Student: 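Can you read through this structure? Questions will come right after.
Bear in mind the structure is a predicted one, so any value in this text is a computation, not a measurement. Keep in mind that the numbers below use all heavy atoms, side chains included, and drop hydrogens, waters and symmetry copies.
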Amino acid sequence: MPRRLSRETLYRRLVRQRKADETLARYKLTNPASTPCDGNHLGSFAHWAGDLYADVVVVIADFRSPERFIRDRCKPVLAADP
């Protein structure tokens, strides 16, 4: 019987796959891995609300430009910034 992987191991695997993914380039989108402040999370909101043992998972798309993403230090922005 195969050994069951921990959530932490599976999460790290997902992060590695996200960093290596080149699909976004086909749509002229930027993989956060190509920015100077990319971390070991699935996305900027994972830093803020990541809980591998949560009962509910909310997936949020980040539509900021790469320049804005870097200007915001890769942190989530929850309200409009004039």
Side-chain angles (χ1 to χ4, degrees):
M1 176 177 283
R3 185 174 67 89
R4 190 167 181 199
L5 299 174
S6 70
R7 290 183 187 193
E8 291 83 2
T9 299
L10 293 171
Y11 184 80
R12 286 192 300 272
R13 183 180 290 174
L14 284 172
V15 170
R16 281 194 309 273
Q17 290 171 345
R18 190 258 313 155
K19 288 177 179 245
D21 188 12
E22 296 178 4
T23 306
L24 293 171
R26 284 191 237 152
Y27 301 99
K28 297 185 176 19
L29 298 172
T30 302
N31 184 331
S34 66
T35 67
C37 49
D38 185 44
N40 289 320
H41 294 283
L42 285 177
S44 59
F45 284 90
H47 293 275
W48 171 66
D51 180 358
L52 299 180
Y53 294 90
D55 293 328
V56 176
V57 175
V58 178
V59 178
I60 300 172
D62 191 335
F63 293 101
R64 291 175 285 177
S65 69
E67 296 80 18
R68 174 84 186 257
F69 180 72
I70 292 167
R71 187 184 87 205
D72 294 336
R73 295 184 305 274
C74 307
K75 300 290 188 238
V77 176
L78 301 177
D81 184 14

Student: Which ILVMFWY residues are connected to Leu24, directly or by a chain of links, through side-chain heavy atoms under 4.5 Å apart?
Tutor: Tyr27, Leu29
Student: Can Leu5 and Arg3 be said to form a side chain to side chain contact (heavy atoms under 4.5 Å, CB included), step by step?
Tutor: CA-CA 6 Å; Leu5 299 174; Arg3 185 174 67 89; 3.9 Å; yes
Student: Could you state the interatomic distance from CZ (Arg64) to CD1 (Ile70), rounded to the nearest 0.5 Å?
Tutor: 10.5 Å
Student: Any donor-acceptor pair under 3.5 Å linking the side chain of Lys19 with the backbone of Gly39?
Tutor: yes
Student: When you compare the side chain of Asn31 with that of Glu22, does any pair of heavy atoms fall below 4.5 Å?
Tutor: no
Student: When you measure from the side chain of Arg68 to the backbone of Phe63, do you find a donor-acceptor pair of N or O atoms at a distance under 3.5 Å?
Tutor: no
Student: Please round to the nearest 0.5 Å and tell me the distance separating atom CD of Glu67 and atom OG1 of Thr30.
Tutor: 7.5 Å
Student: What pairs with Ala25 under side chain to side chain contact (heavy atoms under 4.5 Å, CB included), at least two apart in sequence or on another chain?
Tutor: none
Student: Hey, is CD on Glu8 packed in by over 12 heavy atoms from elsewhere, all under 6.0 Å?
Tutor: yes
Student: Please name all residues satisfying salt bridge (charged side-chain N to carboxylate O under 4.0 Å, His left out) with Arg12, sequence neighbours left out, ordered by chain then number.
Tutor: none
Student: Looking at Phe69 and Thr35, what are the two nearest heavy atoms and their distance?
Tutor: CE2-OG1, 3.7 Å
Student: Minimum heavy-atom separation for Arg18 and His41, please, with both atom names.
Tutor: NH2-O, 2.7 Å
Student: So, the side chain of Asn40 versus the backbone of Val15: is there a donor-acceptor pair under 3.5 Å, distance only?
Tutor: no
Student: Around atom CZ of Arg4, are there more than 12 heavy atoms of other residues, nucleotides or ligands at under 6.0 Å?
Tutor: no
